[in-house]
Each structure stands twice: as structure tokens, then as C-alpha cells.
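FYI, side chains are in, hydrogens and waters are out, and symmetry mates aren't considered; it's all heavy atoms of this structure. The first residue of the sequence shown is numbered 1, and numbering continues consecutively from there.
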Amino acid sequence: MRVRFADCVFDGDTREVVREGRVRPVSPKAFALLELLIERRPGAVSRDDIHARLWPDVHVSDANLGNLVVELRTALGDDARKPRLIRTVPRFGYAFKADARPDRGRVETGERAPRFAYRLHWGRREISLDPGENLIGRDRDAVVWVDDESVSRRHARITVADDGAIIEDLGSKNGTYVGDRRIRDTVELSDRDVVRIGPATLKLRIFKRTGSTLSTVKERPPK
């Protein structure tokens, strides 16, 4: 399924959401939610139906759904106070309200390959971080899944852009540390910074892309 609405294109085949000619990173669950709302447009979709589609046989709080809606509105440029695209149906669920039409043209994203690659080293594991938001926690959808009771389900988030990466704590009980310092707000990350979350010690490596190879970056990417 591929549809165009407002200044956006939803492409179910390539798993991309494009706004104003640029691919907007969204999590797999947020993408699945948008897909469901578009499929059922203009009808409203109940919270029960959404939970059954996104989290079958798993109990999650309504806050998870609310966070996905916020993520989608941010990616799509929608405003919760004056929604153009996603309508909240009080005490029921959500609906896709924009005019959408099939789109058969190729999406011109204007995207270029990122200049830098970001990877977390955790013991012998190496975890690639994608552009956009990368969740760390006990949630099964986390990019970095830390299965420990001292770690919150949505513990922290690393956001990657071409000009650098930042980390923020998501209100965890036991905190997120960069080096020996517990962070309270967003913190910029540099190559070889060490992040500690519960029992996990993660070292960030940043590599500059040079053709087909990667070279080590020893300083924060230039802005």
C-alpha cells in the first residue's frame, strides 16, 4: 500500500514515511499504527483493536499507545491541538482524518547517505544505531534490549542525526550514566563515550563513511 496525503507519502512496501521530500524515521510500532489507521480510514479504530494488532497476547499500558501517537504526529508534522491527520476519538481510539489517495510515483526523498555510522559496543556485541530514535530498555521493541529488573522498559533514547548523536533519560528509576555522571537532560555524545544503564556498559563508536569503507572518528562529528 502506498498513499499520499498532505505533504506526506506512506509506502508500505519500502516501509518508509516521507514528509516534504525527506524520509522521516519512525519506529516499527509507530509505522504499524499508521498503517492500520490508513487502512481503516476514515473510520475510527478502537484502542482494543489497536492493541490486538500491535501487541497481540501482550498486556501493555495505554501510555505506550499514546507515545506512538506523539511519535507519529512529530514525524508527520501534525498538531494534537489542531490535528490535520490523526484525530483522537475520546474514550475510544484514533482515526486517520486526512484525504489520502493512491500514489504510484517514485518517492523523491532527496536523501543522501549519512556521513557517519554510529555503533554501540556491549561486550562482544556490536549494535548499529539507525538515524532517528533508538530506544534502550526492557521493552522488546528496544534497539538495545537490556533484560534486567533494574532497567526500565523505556529507559533511555539515543537520537542519531548526521551532525551528531544525543542521549536522554526517559524518566527511568535507576538513571542513565554517561561516564560517571548521571544525566538529567539531553547530552551530546562523542566517539568512545561510555553509557551505563543498569548492568549494561555500552561504548559508542562513531565512524566516518569514506566511499566503501569506514574510518574512525576521534572527535564529535562537525556541526
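Note that the CD1 atom of I197 and the CZ atom of R138 stand 13.0 Å from one another [nearest 0.5 Å]. Here the straight-line distance linking atom OG of S46 with atom CZ of R91 works out to 15.0 Å at 0.5 Å rounding. Rounded to the nearest 0.5 angstrom, R87 CZ and L37 CG are separated by 10.5 Å. Between N134 atom CG and S128 atom OG the span is 9.5 Å, to the nearest 0.5 Å. Taking OG1 of T159 as the start and OH of Y118 as the end, the distance is 11.5 Å to the nearest 0.5 Å. Here the CD1 atom belonging to I38 is positioned 9.5 Å from the CG atom belonging to L33, to the nearest 0.5 angstrom.
Because its NZ or CZ atom is both nearer than 6.0 Å to the ring centre of F207 and within 45° of the ring axis, R119 counts as a cation-pi partner of that residue.
L204 and W145 are not part of a single hydrophobic cluster, where members link through side-chain heavy atoms under 4.5 Å apart. One hydrophobic cluster, built from ILVMFWY side chains closer than 4.5 Å, cannot hold both Y177 and V187; they sit in different ones. Note on V151: it clusters hydrophobically with V143, by side-chain heavy-atom contacts below 4.5 Å among ILVMFWY residues. A single hydrophobic cluster is seen to contain both L65 and V60, as judged by linkage of ILVMFWY side chains at heavy-atom distances under 4.5 Å, directly or through other members.
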Start with the C-alpha gap between I167 and I183, add the side-chain angles, then the distance that decides, and say whether side chain to side chain contact (heavy atoms under 4.5 Å, CB included) holds.
-> CA-CA 9 Å; I167 187 170; I183 65 173; 4.0 Å; yes
Kindly determine whether I86 and R73 satisfy side chain to side chain contact (heavy atoms under 4.5 Å, CB included), including the steps that lead there.
-> CA-CA 7 Å; I86 299 175; R73 282 180 169 147; 4.0 Å; yes
Could you please spell out the steps behind the side chain to side chain contact (heavy atoms under 4.5 Å, CB included) verdict for I136 and I158?
-> CA-CA 8 Å; I136 305 173; I158 295 178; 3.9 Å; yes
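With contacts defined as side-chain heavy-atom distances shorter than 4.5 Å, the pair L36/I50 qualifies. Contact annotation: the side chain of V195 approaches that of T176 to within less than 4.5 Å [non-hydrogen atoms, C-beta and beyond]. Using a 4.5 Å heavy-atom threshold, the side chains of V194 and L202 count as separate. In this structure, the side chains of L34 and V17 come closer than 4.5 Å at one or more pairs of heavy atoms. Counting heavy atoms from C-beta on, the side chains of F5 and L85 come closer than 4.5 Å.
Listed for the S190 side chain is no donor-acceptor partner under 3.5 Å among the backbone atoms of D193. Although no hydrogens or angles enter the test, the distance criterion places a donor-acceptor pair under 3.5 Å between the side chain of K29 and the main chain of L54. E126 places no side-chain N or O within 3.5 Å of a backbone atom of L120 that could act as its donor or acceptor partner. Side-chain atoms of D139 never come within 3.5 Å of backbone atoms of R154 as a donor-acceptor pair (strictly under, hydrogens ignored). No donor-acceptor pair closer than 3.5 Å links the side chain of R40 to the backbone N or O of V45. R205 contributes no side-chain N or O that, together with a main-chain N or O of H121, makes up a donor-acceptor pair within less than 3.5 Å. The backbone N or O of P42 sits nowhere less than 3.5 Å from a side-chain atom of K97 that would complete a donor-acceptor pair.
W122 and T201 get closest at one heavy-atom pair: CD1-O, 3.7 Å. Across every non-hydrogen atom of Y94 and R47, the tightest pair is OH-NH2, 4.3 Å. Across A30 and L68, no two heavy atoms sit closer than the pair N-CD2, 3.8 Å. Counting all heavy atoms, side chain and backbone alike, V26 lies closest to L72 at CG1-CD2, 4.4 Å. Closest approach of G77 to R84, counting heavy atoms only: O-NH2, 3.3 Å. Scanning all heavy atoms of the two residues, the minimum distance from A100 to R41 falls at CB-NE, 3.5 Å.
For the residue pair D148 / S150, a side-chain donor-acceptor distance below 3.5 Å is found, with atom types taken as modelled.
Using a cutoff of 4.0 Å between basic side-chain nitrogens and carboxylate oxygens, R53 and E39 are scored as salt-bridged. For the pair D169 and R182, the salt-bridge criterion is not met [side-chain N within less than 4.0 Å of a carboxylate O]. Remark: R2 does not engage D13 in a salt bridge, criterion side-chain N to carboxylate O under 4.0 Å.
When hydrophobic residues (I, L, V, M, F, W, Y) are linked wherever their side-chain heavy atoms come within less than 4.5 Å, the members clustered with L135 are L170.
Every pair passing ring-ring contact (aromatic ring centres under 6.0 Å, His included) that includes a residue from residues 21-40 is listed here, sequence neighbours excluded: F10-F31.
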